[in-house]
Structure formats: structure tokens, C-alpha cells
Trainee: 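The following block contains the structure, expressed as C-alpha cells.
Within every chain, numbering begins at 1; the chains are lettered A, B, ... in the order of the sequence lines, protein sequences first and strands thereafter. All values below were derived from every heavy atom in this structure, side-chain atoms included, with hydrogens, water molecules and symmetry-related copies excluded.
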Amino acid sequence: MKLLRRMAKVPLGLTAPAFALLLVVFGAPITLLFLSSVNAPDFSFQYYGAFFAQPANVRVLFQTIEISLVATAICLIVGYPTAYLIVTASKTLRMTLIALVIIPYLTSGLARTYAWIVILGDRGVINNILLDVGLIDRPLQLIYNRTAVYIGMVHIMLPMMILPLVSAMMGIDRSLMAAARSMGAGPFTAFRRVFLPLSIPGARSGSLLVFVFCLGFYITPAALGGLRDAMLSTFIAAEVNSSFDIPRIAAASFILLGFAIVVLSMVGLDLSGKQEQSQTRAPKGSMSRLPIVLVIKRNFSEILRPYRVKRWTGRRYVPGAERRWPKVVAIVFIVLVMAFLLFPGIIVVIMSFSSGAFLQFPPSGLSLQWYRSFFGDASWSGAAWTSVEIGVEVAVISTLLGTLAAFGLSRISARLRGVLTMIIITPITFPVIVVGIATYLGLIQIGLIGTKGGIALAHSIGAVGIVVVIVSATLANFDRTLEQAAKSMRAGPLQTFFRVTLPLIRPGVIGGAMFAFLQSFDEAVITSLVGGLSVRTLPLKMLENIRHQIDPTIAAVASLLMLLPLIWMLVLYAVWWRSRPSMQRTLQEAAA
Amino acid sequence: MNMHAMNTAPRSEVDAADVNQSVPQIQFSSVTKMYGSVPAVRDLSLTVRRGEFLTILGPSGSGKTTTLMLLAGFEAPSSGDIMIAGHSVASVPSYRRDQGIVFQSYALFPHLTVARNLEFPLEMRGMAPDQRKVRVARMLERVHLGEFGGRMPSQLSGGQQQRVALARALIADPPFLLLDEPLGALDRNLREQMQIEMKSLHKEFGITTVCVTHDQEEALTLSDRIVVMRAGRVEQIDTPEALYDRPSSCFVAKFLGEANILEDALLLARGGNAPQIGTVAMIRPERISVLPKTAEWAQTDQRQYVAGAVDDMIFAGPLRKYHVRVGNNVLIVREHVAADQPVFQPGEEVCLTWLRSDIRFVSP
């Protein structure tokens, strides 16, 4: 208590536990990893040279960038109109649609990847239906190719694109569009000149998040892609499994990391979630800095000028016919996107009740056999318990450390806060395979490889970042004068925190704890590296099954995992929505 | 319709019908707007004359904002028609009308500089860049924001933003201007300053202006005529003075200033004007004088006296406000503070007097 009190006096001290964990488990080892990649203490770039000397490596690197770019582009192209339609929908419909986007976002990535295998596989849903109808007589090769990789990646990444976009678009004052129209801008011009520029920050942070996550994507491309669709993460993982030649792995990791960092710093990641700031800032976007872009923009405007004059004089007071088809197109589009996001889950849930000896769609009969098999088989239920155990540990550790850190960060200068927040969230912005290798090296040092505690610590470094982001967002909406009021009534700093601050930021803390649990509960990459062979978590067991497709029980597991987000949503609704409307925004910012 | 090419956005391109002074600028004919099954505006008929400053005044939910939305083209009427300069505009979208709007939140584009904000309506009308620049510069000078063209809206104070919004609405020379609670977001001092400014701008541009507000003081100060709305209907239309002096209903009387309702028949006991059936007697607080109890008085045909006791006295700078209990009623009396005037303290017995001709009979 005394120590706590002393730390509370220096806000920076509150961040110390979080940074200590980060340093031991991640910071120190990744520094060592970097040093070994440059062949310290001699310092040479021989390992990097060796990496680029092999054409296969370079091909994988370019392929990684290409796949990431394409997946990001698809997400943006699909996500932007989706977000726009969500924002312009009526309030109830909007909340429903946001919930429908958040449900897959919270659903286990493994379960969703599995769903696509089930749908696209040789004996999968699509092929079965086509065969039954008689359109084809041999199964189509839908899986293990690039298209399948894109489908799976976009499916997983789309919510991550839509949510920041929705958040940014909700911040756009509707009267601005009305103002533009009242000044003679038609619907398209008003959109292009007002709405689009104001939504750019959301599009930027969404694309950035998606791109960086895609760079480090491992399980989905490995599960859905063919041998020729390997990404750098897959390559590193293979390297780890085969040789564990640290300098080589380190070099490959830092090349991957380097790309992520270059992109992050080029576009400028603003994870603090301050949408208003970026909107009101003078236009200094990287685009408009280029004179040529300005020239093109100007000229484009001028090309339209005669048309504008004509339209203005000619169409003044001409009644506008109400067009039906944009509405129809919009409805069809949003239904398709929602179907894309939700149907894989629904199909897996239905198949999990199948009574046959293997999974089919539509199921020939209904039974609970796969659920019985899940609960009856010790290897499944044991794995599930291990995961729950680790998840709870992670939630406790990261909520404690993360809340303290977020509280400390909220009390220091904005500049320092920005830098420290960036550092604390590195484990969630770095490619996951790199984080996994670093934590492996870190845990070896303290002898925790192959223990549940070690896995919990490894998961916690990322989870702390998540908690910090969510609690910080909540604290940003917190009225500081309430604390001053408490202090004026003779409450000490600790009493103020426990009696005033904590109860008010509790929704954020609970949300953070839930996200932390969820992240741990679905983690397979880091776990596979630091878990050794002795600890079997549910995601590891699932991964093994996805790879070898032996046991249909996985359908039941995936279905149960899909029920989880529904439960989360209910809890979130109970804790957040009801408590304060401003929490809605916090959630979206946090999700971003 | 007139369609000659325009290089400059002209002083509101004058249509044939427009020239005819007898055609009112804006006309609502039995306009009804339903939201689902809820009528926001019912059977509204209204005429706005050329060059006048018309204020639509009403409490929230009275349909005044819907009226503005209909006029701006953001909503279409469920039935009835709206004519602007002789054109039926019921189904003309906002961007094909020629109008300037000052929004309640100002709706300045946060991503564009002040100058680019002002350029926007000119650009939409297809004006050439150099002409736009000249016009923007002139307009900025006019609203005393000459050096602020390069600033972002967020770098301006509330009053400056307000002036930018007004300048942006006026710059393309629209035939009429719509103001949505234009001074709502300003503090008191600034508000008075802006009222004067707006009045002088209205005089200078001579532009037909429709203003929507719930602020009676704003309405009284700025308007040529005021439309008082209540529950989607027009309650009364008249000049500010006439509205204040001869309200048609209790609602109008109370919405525009304070009003004493003389419900007690005793108050009207002796002679004078008898109450009309279905009306109540109303008198403005400033039409009542307070006299000491001891003063000599007798009812006459012109003047009426009643005895009462002071409940409360409020000093408000130039005014002194008394709450005087007369029987079961409490009457409000407002007196200008003057050196030779006696001051009455709460509890004191007093005598109230007024001219019978100052009593108005209004529908309840």
C-alpha cells in the first residue's frame, strides 16, 4: 500500500509494472534478436544479405506485401460503402448493423478460418451443393489457392476496417452535407467535396491497421492458401520448426517488421483515437503536399466548370425525380456484406449438429454427437480448461497493469504520453510471429517455456496494450473536475481513485479485461512457440485439427466459440451501453 | 426560364415571374408535413414578401424547424405546395434552389480554410477562379475578417465563425436567406452585437430573410414580421409591435414577453369594456403602476384600481419587478427605476392601477 501510494504521486511510476513486464518478456529479447540479426558485436548485414540472396525469399517477401496490399484494398473498397450505409441508416438499424459487424470481429479467428475450409473445401458446402444440383461432376478447386486466401483474410479483416470508418463517419456533422447541398452541390459533389475528405482519417487508420495485421498474417493464409501462397510469417514459422537458426530467423523477422514500421511511420498511425483533431487540422495530408496532386485537383475542378454553369442555370428549380435504384443497390450491397460476414459462422453452427460420420451441409440428420464428443473427450475439454485458465490469468494481469499504466499515462504531458503509448502497444502492432519469437527468447531466460504461467505472461504483453488503449479512451472522456471535486472534499489520491475515478471508468476496465481474455483465448501463434509440447490450449488443438482435418468435433468447438461473442455483446450491452451513451464511441475507438 | 450564360454568379438571376413585384417571394399553400402519422406542420399557409425579414417563432416542437427544412428543400411536403419566385419547389432538391442558409451549428467545412468555405457556393455555380478570389476578398472585408481567409474555421472564435457562416450564405447573392437559430450559440454581449450587424447586413443587401428561432428578443429586434407557431400551426402573423401589443391568444401573449391574465371577474367590475365571450383579459406588466396603499384613489371609467400585497421584489438593473398578490392571483408589475419612485418591500400593502384601455382580450 505504501509503495502504491508513493507510485501514485509520480504518475509515471504507475506505468512501471507494465513496462517491467514488457521489458522482460518482450523488450530485452527483441533487442537481443535485433543484435543477433546484425551479427553483433561484429556488426555486419550478412544475414540480411543472405536473406535477399535467395530468390525464393525475395519472392515470399514481395508476395507478402502483394497479398497484404490486395487484401487491404478489398477491405477498403468493400468496407467504405458498408460503413457509409451503416452511418446513414436509421438509429436502430445502425446499432443492429454495428452489432452484426462486431460479432464476427469478436469471434475466434480460428473458428472463422475453419468455417471457410468447410465452405470452400473439396467436400465443402459449395462443392456439395453444386454436385447435388448437377452443375458439376467433379469438385471445383476452391481452396488452397490465392482467392481462398483473400476470401479468408478479407473476412477476418473487414470488421477492423469498418469499425474505424464508422467511428470517423459518425463524427461528421450531418449539417455539413446539408450546407453543401444548400449551396448548390448535388449529392455526389457534396459527398466528394465534404464527406469524403472528412472520412479520410478513418479510412487511413482502418487501412493501416488492416495492412499491418495482414503483413503478419499467419494462420489464415497457411490454412486456406496453397504452397505457392506462403507469406513471410509462414516462412519464418517453417524456419523455426526446421532449424531454429536464430540469426536467420531474426533477419527475416526484422525485414517483416521493417516493412510494418515503414508503413506505419509513412502514413502515421494515430491510435489515440482523436478523430476531431485530425478533422480540424489544417490540410497537410501527404497527398496535398505534392504539387502535382494540387494541379490535377484544380484542373479537374476547372474541367467541370462549364458543366456547373450550365447545370446551375439550366436545372434551377427543376424538380428532382426520386430515384429508386440507389436504394435497392444499397440494400442488396449491405445484405451481401453482412451475409459474407455472418454466413460462414451460421453454416458451421448448423453443420455441428450433423448426425453423419463426417460433416456435411445440409446435414442429413440432427444430433448432438459432436458436442458430446467435445465434452466427453479429455483432450478437447482439457484443452478448453487450460485456455480458460490462461485467459483468466491474462485478464487479471493485463487489467491490473494496463489500468494502472493508462491512469499514469493520462496524467503526463501529451507528447510523452504519445511516445509511451506507442511503446506499450508495440506487441499488438508488430507481426505476431515476431512477437512470438521474441517472447520465446524472453521466456527461455526466466525458465518459463512450456508452462501455463509462461503462456499467460506471453499473452499478457499484448493484452496490456489492448487494456491501455481501451482504458485510455475511457479516461479521455472522463471529466477531470470530478477528481478535483473529490479532493476538495478531503479525499486523498487513493480514495479519489477508488471512490470516484475507478467506478466511472469501470465499463472501460471491464471491456478491456474482456478483450484481453478474448485475445488470449484465441491466440495460437505465440502459444505454439512458447507452449512447448506440454501445454495444449484450445486454439492449438483446433489448429492441429484444421491442419489435418481429422476430427469433426472441431465444428462443435467452433460453434461454441461463435456463441461467445453473443455473450460478450450482452455483457457489453449491460455494462457499457446502459451506463453511458458516450461509451458507444469509446467502444468503436477501442475496436479501432 | 432565363438561361443566359453566366460568367459571374449574378445578382440573383431574375426570372420573368421574379420581376413582377406582385408575386410574393415565398409562398406556402396549405402545406402539411407528416413524419409517419405525426404531423409536424399542419395546413400551413404563409407568404413572405420581397425584401422582408420574417421570423418564425415558436417553442420546440412547434414545427418551426420543419418549416425551415421544407423551405430549404431538405424535406418535401406531404401535401400542399411551396412556391419560390413563382416556381413550385415542393419536389425540387435543395441543390437546385438558389438560397443562402446559416445553420445553427454554422456547418463550416472543418477541412477547408475560411476563404475556401466562402468559395464553395461560387464554385458550385461555376464561377471562374479569379472572380471567386475577388469576391471572397470583398466579402471577407465586408464582415471584418479580411486577414482571416487563410485560417481554418476551428481557429476562429464563435462570433467570427458566425460571421463566416453569414458571409458564406450571402456571397453567391441568393434571392433569399434562411437563418436557423442564428444567434443561439453566442453569449449575450456578442449576441446583441450580432443582432445589430445582421440588421445592417439585411438593410445593405436588401435580401429576403426567413429566420427561425425560439428567442423572442431576437425575433422582436430583427423582424419586420413575426410568425408565431404552435403545435404545427400558425398562431398569429404580424409586425413585432402589433404582436406584442395586440396578441390574439394567451399563448402569443405569454410567448412574447410577460403577461398577466386577469381571470377574476371582480377586477373588471366597474363599467368600461366588458369581456367578450370565450376570451380572457390580459395586461402587460409594464402597463400596471404600483402606488402606496395610502394614496387616494377611486375607480373611474378610464382607470381601475385594486388592492394587493407585495409578495416579492426583484431588482433587475433598469427595472424593478414586483409580484403582487391580489386575491388568488399574483400579478407581475414592471417599473422603471427612477429617483423619485417609492420602493415597496415584500409584505407591504399596495395599490395597483392601470388604464382600462390597456387591457386586451385574448383567446385562452
Trainee: Please report the closest heavy-atom contact between B:Ala128 and A:Arg305, naming both atoms and the distance.
Mentor: N-NH1, 3.3 Å
Trainee: Any chance you could lay out the side-chain contact (heavy atoms from CB on, under 4.5 Å) test for B:Tyr95 and A:Thr189, step after step, and finish with the verdict?
Mentor: CA-CA 10 Å; B:Tyr95 54 90; A:Thr189 314; over 6 Å; no
Trainee: Using a 4.5 angstrom heavy-atom cutoff, name the option from B:Leu178, B:Ile101, B:Asp180 with the most pairs to chain A.
Mentor: B:Ile101
Trainee: Hey, does the side chain of B:Arg96 reach the backbone of A:Val318 with a donor-acceptor pair shorter than 3.5 angstrom?
Mentor: yes
Trainee: What part of A:Pro187 gets closer than 4.5 Å to chain B, counting heavy atoms only: side chain, backbone, both or neither?
Mentor: both
Trainee: With only heavy atoms counted, which part of A:Arg193 is less than 4.5 Å from chain B, the side chain, the backbone, both or neither?
Mentor: both
Trainee: Please collect all ring-ring contact (aromatic ring centres under 6.0 Å, His included) contacts where either partner lies in residues 116-135 of chain B, sequence neighbours excluded, each pair once.
Mentor: B:Phe109-B:Phe120
Trainee: Side chain, backbone, both or neither: which part of B:Glu123 has a non-hydrogen atom closer than 4.5 Å to chain A?
Mentor: both
Trainee: Does the side chain of B:Met124 reach to within under 4.5 Å of the side chain of A:Arg308, using non-hydrogen atoms?
Mentor: yes
Trainee: Would you call A:Val309 and B:Arg125 a side-chain contact if the rule is heavy atoms closer than 4.5 Å?
Mentor: no
Trainee: Using a heavy-atom cutoff of under 4.5 Å, enumerate the residues of residues 176-186 of chain A that contact chain B, numbered in order, or state 'none'.
Mentor: A:Leu176, A:Ala178, A:Ala179, A:Ala180, A:Arg181, A:Ser182, A:Met183, A:Gly184, A:Ala185, A:Gly186
Trainee: Do you know the tightest heavy-atom contact between A:Tyr317 and B:Val92?
Mentor: O-CG2, 3.4 Å
Trainee: Contact part of B:Leu108 toward chain A, heavy-atom cut-off under 4.5 Å: side chain, backbone, both or neither?
Mentor: backbone
